[in-house]
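Just so it is clear, the model here is predicted, and its values are computed rather than measured.
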Amino acid sequence: MRVLPDVSGIDRCFDYLVPDELGDQVRVGTVVRISLHGRRVGGWVVADHVAPPPGVRLLALAKVTGWGPPPDLVELSAWAAWRWAGRRAALLGAATHERAVPTLAPSGAPPPVAGGPLDGLAAEVAHRIGREPVCVVRLPPASDPYAVVQAVCRRGPTLVLAPGVRQAAHLGLRLRRAGATVAVLPRDWPRARAGGAHVVGSRAAAWAPVDPLSGVVVLDEHDESYQEERAPTWHARDVALERARRAGVPCVLVSAVPTLEALAAGVLLTASRAEERAGWPVVDVVDRSQDDPVRGGLLSERLGPLLRGERRVVCVLNRTGRSRLSACDRCGRVARCETCQAAVVHTADGSLACLRCATRRPLVCDHCGSTVLRNLRAGVTRVREELEALARRPVVEVTAATAGTSLPDAGVYVGTEAVLHQVDRADVVVFLDLDQELLAPRYRAAEQALGLLARAARLLGGRDRGARGGGEPGRLVLQTRLPNHEVVQAALHADPARVAAAEHERRSLLRFPPAAALASVSGAAAGDYVAALGRPLGVEVLGPDDGHWLVRATDHRTLCDTLAATPRPAGRLRVEVDPLRI
DNA sequence: CGGACAAGCTGA
DNA sequence: CAGCTTGTCCGG
């Protein structure tokens with residue numbers, strides 16, 4: 001047996017003998033313990049009937065721990081280790097239950113899923129998945145994707161991915177109520193391994209066993225939580241696509257705002273224009289291009305009546321703290337750090353702090369000594385105070401720091417994008433400074449901004465939302481100096497294709513994914529590694545920028561072959577293939 | 001990763 | 001030169 005040890009720092013296999021009494025328990029994927037260099041470590045069987053290298057005396061496996069991934073996922077882990085330039089053990093770890101699984105309960109095989117006739121887009125999906133390997137279903141934010149899931153599940157055991165554990169659990173419940181056998185990952189891993197069940201889960205479930213795999217659905221395909229943040233930075237959507245391709249089964253990518261990666265992978269199916277419009281809220285564009293940039297502030301006149309009513313309002317501002325940029329009211333100079341010249345932020349305790357080098361100083365202009373500083377870029381904490389004055393009712397601040405705590409009930413919330421995860425419904429969502437998203441110095445900024453708008457749209461429901469909210473449609477208010485930006489126009493016209501078209505052109509021109517393949521290389525050993533890459537045809541190296549290099553290649557094959565062919569120098573090194581935030 | 005072993009440094 | 005640290009190598 002060939003075994004890959006689960007030890008960071010060892011990314012190679014060793015051969016062992018299988019004792020006769022364990023023979024029937026050991027197959028490709030089995031989790032075992034082995035003696036390696038005098039110590040006992042865990043590992044996976046990755047091949048059997050191997051010819052060991054000549055001249056080595058084989059040891060016997062020390063123990064069989066239990067069930068691991070099936071052979072197809074063991075093979076997929078080798079592909080993913082290449083694709084994301086990482087250790088194979090990290091991927092096999094994702095494909096394995098966290099606790100030992102010594103035995104499996106026998107699987108029954110009851111009817112996979114019940115349900116009535118499908119209509120509209122779901123019927124179209126049911127029809128097309130027979131002939132298209134990959135379908136991209138653009139479902140407006142307020143639409144329920146359940147019928148699409150159902151359409152795929154009818155074919156047999158299906159892998160369904162949702163961006164969060166909550167959504168996955170909810171979906172599992174609905175499928176069960178419809179009479180299906182469902183394993184909700186990670187809890188029901190042993191049941192999934194036994195086979196005959198649909199499997200639902202979040203990112204890691206891309207590695208869940210499904211037997212026999214009959215189809216794959218990825219919900220909210222654009223959601224960035226599908227990418228693992230630690231290296232190897234594998235993406236559940238791409239793992240799902242490859243799994244489906246290898247198994248020869250359909251893969252359905254669902255999103256209100258499909259990524260260019262998804263659109264490049266399959267055929268696009270959309271609802272009718274009328275249906276798509278109905279699934280987006282009413283959008284109010286507050287054009288601030290004529291407002292004074294310094295004195296205008298973040299709260300336009302349009303907000304007053306919305307805030308003072310009875311409606312539940314969520315305001316989004318992706319800046320924490322009180323002020324991210326201040327200028328002296330007397331001499332007009334921007335407040336900067338005297339040590340490193342970065343802009344200083346105004347902290348809650350009333351001092352100025354540099355986020356780059358941690359220097360602090362009192363609230364004084366370092367040029368003219370004035371103590372009056374004007375707030376040019378208010379953060380959430382400051383805006384909460386201003387909103388409360390304007391709304392004349394309590395305003396609750398929500399940031400990533402308040403996640404997991406129960407939010408106080410209030411009529412108005414203000415927060416970073418975390419507020420869109422923590423509040424589950426709203427009558428009005430206001431993006432106080434959408435330009436910050438539109439102009440963010442990241443190549444995916446437009447897609448990411450539209451993703452935020454889609455998430456906000458889901459809190460609001462469609463423009464035809466029924467009984468709840470007193471019949472008034474939800475409103476999405478966008479404060480911007482760029483009213484003609486394609487992201488604003490896409491939301492306004494419920495037409496995400498406007499962003500896709502503009503982005504496709506831009507990324508082709510600038511050679512950003514999916515028009516090229518990228519990897520970000522950082523860490524103390526990054527320089528040595530990048531030097532060792534050489535300059536193969538079709539590969540270029542950019543940087544370093546702040547200790548990060550970018551490796552760009554014409555396609556993933558070229559990029560990943562080059563990365564795989566380069567030995568890793570000693571020292572810290574992070575290779576991030578397909579970085580989302582650059 | 002972590003044990004083994006070798007080479008380098010310190011103090012008597 | 002013992003006793004310790006630091007570095008490099010390698011595992012079936």
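Proximity of A/Arg360 to A/Leu352: side-chain heavy atoms (C-beta onward) are nowhere separated by under 4.5 Å.
The aromatic rings of A/His97 and A/Trp189 lie parallel to each other, with less than 30° between the two planes, well short of the 60° mark. Between A/Phe512 and A/Tyr443, the ring planes lie parallel to each other; the angle is under 30°, not in the 30° to 60° tilted range.
Remark: A/Arg174 qualifies as a cation-pi partner of A/Tyr146 under the 6.0 Å distance and 45° angle criteria applied to the six-membered ring.
The NE2 atom of A/His37 sits 9 Å away from the P atom of B/dC5 (whole-angstrom rounding). Between the CZ atom of A/Arg2 and the P atom of C/dG11 there is a distance of 15 Å, rounded to whole Å. In this structure, A/Trp44 places its CH2 atom 19 Å from P of C/dG12, rounding to the nearest Å. Distance, A/Phe14 CZ to C/dG12 P: 7 Å, rounded to whole Å. The distance from atom CG of A/Asp48 to atom C1' of C/dG12 is 17 Å, rounded to the nearest whole Å. Going from atom CZ of A/Arg39 over to atom C1' of B/dA4 covers 12 Å, rounded to whole Å. In this structure, A/Asp11 atom CG and C/dG11 atom C1' are separated by 14 Å, rounded to whole Å. Note: CD1 (A/Ile10) to P (B/dG2) measures 10 Å, nearest angstrom.
Using a 4.0 Å heavy-atom distance criterion, A/Pro5 is classed as making no nucleic acid contact. Residue A/Leu59 is classed as a sugar-phosphate contact, given heavy-atom separations below 4.0 Å to backbone atoms only. Residue contacts shown for A/Arg12 include a base, since a base heavy atom lies under 4.0 Å away.
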